[in-house]
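What follows is a single structure, written as structure tokens, with notes after it.
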Amino acid sequence: MAEPLFDRIALVGIGLIGSSLARVIRREGLAKHVAISSRSETTLKRAESLALGDSFHADARDAVRDADLVIVSVPVGASGAVAAELAPALKPGAILTDVGSTKASVIAQMAPHVPAGVHFIPGHPIAGTEHSGPDAGFAELFENRWCILTPLPGSDPEAVEKLAAFWRRAGSNIDTMDPQHHDKVLAIVSHLPHIIAYNIVGTADDLEAVTKSEVIKYSASGFRDFTRLAASDPTMWRDVCLHNKDAILEMLARFSEDLAFLQRAIRWGEGDKLFEMFTRTRAVRRSIIEAGQEIDAPDFGRHVAAHPEK
Ligand code: NAP
């Protein structure tokens, strides 16, 4: 096994992402010591019984004290309060990062609390599932997925490279971009699909013309694929909507315009327009498979490829 990259890593928040990090850090020997903290006693105890780290702390300050790398993995709306709590205990020279799904808002919330001499380098692994909590994580989550870093102007290049090396050892490929660009890109590739899924599943749930048992019974005809996204964590997704408001509203406006185009083509029986669009979209899926971000299997490949026991 290669040398540990850090002496002490502190994981603040030990849900799906935090616990996946804990597992890959252990598997790859990325730290000599992993200190874990979570808000609730229940989650912290569960992390301890899963042996996800070397020490467990009710107070996040005790976890981050002396840590060389601190990774905050909490809902984006909580990042400011968590940063305020941790800040006084951070060691000079430490790297502080996060995994939040929105970046401009997280930076606005966390940066003001970061003491001089601490390297704050925000990040976002483009990897996840609809499950939450410390039991949901797995070491392979980040394998062949992208991790986007959004360093602030003037960040120390050595610290950025060290964090990138950490993610590469966890299996990820690295991109860097500015936070506003990140938020726009993620609004279309992640946030909008979740909102559409929440909406369609909500609509089906409200329908009185079709009984709920029929919705469930015949779900394999398409509906089922939306329910995976719509089963995602409500706290996380409430926060994403509130904290990437502008980019999401912009993408929703474009989506509504395009939906009106489809609606019109259906109304007027314009089969050629529908066919042309459906052909174009089919090619997008082929490109995703070719880029290694999906396999061509009926359950989208996630269960077989990423997590054999799930
Ligand atoms: P999760 O499984 O629900 O775990 C959340 C963790 O944050 C738990 O340790 C929880 O502590 C803690 N927490 C919740 N509310 C808090 C608050 N108000 N103050 C302090 N701590 C709080 O969530 P996750 O899926 O790992 O998501 C964590 C972060 O990763 C989010 O920012 C999300 O945007 C980002 N992310 C998620 C995915 C995904 O697919 N899930 C993918 C990429 C990035 P207790 O359990 O002790 O309350």
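Counting begins at 1 with the first residue of the sequence. Side chains are part of it too, since the values below use all heavy atoms of this structure and drop only hydrogens, waters and symmetry mates. Just follow the structure's listing: the first ligand is 1, and inside any ligand the first atom is 1.
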Should you measure from each heavy atom of [X], which atoms of ligand 1 turn up under 4.0 Å away?
X: T129; answer: 40 (O), 41 (N)
X: T43; answer: 45 (P), 46 (O), 47 (O)
X: P125; answer: 43 (C)
X: V82; answer: 20 (C)
X: G100; answer: 32 (O)
X: S132; answer: 2 (O), 3 (O)
X: V99; answer: 29 (C), 30 (O), 35 (C), 36 (N), 44 (C)
X: V76; answer: 32 (O)

Within the structure, does [X] bring an N/O atom to less than 3.5 angstrom of an N/O atom in ligand 1?
X: R39; result: yes
X: M236; result: no
X: S38; result: yes
X: G13; result: no
X: L16; result: yes

Could you name each residue pair satisfying ring-ring contact (aromatic ring centres under 6.0 Å, His included) that touches residues 91-123, not counting sequence neighbours?
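Output for this query is empty, none listed.
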What orientation do W237 and H194 show, parallel under 30°, tilted 30 to 60°, or perpendicular over 60°?
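Parallel.
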Heavy atom under 4.0 Å from ligand 1: found in E130's side chain, backbone, both, or neither?
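Looking at E130 and ligand 1, no heavy atom falls under 4.0 Å.
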Is it true that [X] and [Y] make a salt bridge, defined as a side-chain N closer than 4.0 Å to a carboxylate O?
X: R228; Y: E130; value: yes
X: E294; Y: R145; value: no
X: E270; Y: R264; value: no
X: R23; Y: E140; value: no
X: D54; Y: K32; value: no
X: K162; Y: E158; value: no

For [atom], tell me which residue out of [options] has the closest non-hydrogen atom.
atom: atom 24 (P) of ligand 1; options: I17, D98, L21; answer: I17
atom: atom 40 (O) of ligand 1; options: S40, G128, A58; answer: G128
atom: atom 1 (P) of ligand 1; options: G15, S19, S232, A78; answer: G15

4.0 Å heavy-atom contact, A127 with ligand 1:
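Checking ligand 1 against A127, which is what was asked, there is a heavy-atom contact under 4.0 Å.
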Closest protein heavy atom (residue, atom, distance) for [atom]:
atom: atom 6 (C) of ligand 1; answer: S73 O, 3.5 Å
atom: atom 29 (C) of ligand 1; answer: V74 O, 3.5 Å
atom: atom 13 (N) of ligand 1; answer: P75 CD, 3.6 Å
atom: atom 36 (N) of ligand 1; answer: S101 OG, 3.4 Å

The test is side chain to side chain contact (heavy atoms under 4.5 Å, CB included); show your working for F166 and L21 and say whether it passes.
CA-CA 10 Å; F166 168 83; L21 284 167; 4.0 Å; yes
Decide yes or no on salt bridge (charged side-chain N to carboxylate O under 4.0 Å, His left out) for R46 and E41, but give the supporting numbers first.
CA-CA 8 Å; R46 187 62 195 146; E41 203 189 321; over 6 Å; no
Side chain to side chain contact (heavy atoms under 4.5 Å, CB included) between R238 and L242, worked out
CA-CA 6 Å; R238 175 203 61 198; L242 298 178; 4.0 Å; yes
Exam field: side chain S19 to backbone P134, donor-acceptor pair closer than 3.5 Å:
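Yes.
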Pair up each side-chain donor or acceptor in residues 65-78 with any protein partner under 3.5 Å, not counting sequence neighbours, and list the distances.
residue	atom	partner	partner atom	Å
R65	NH1	D62	OD1	2.8
D68	OD1	K91	NZ	2.7
D68	OD2	D7	N	3.0
D68	OD2	R8	N	2.8

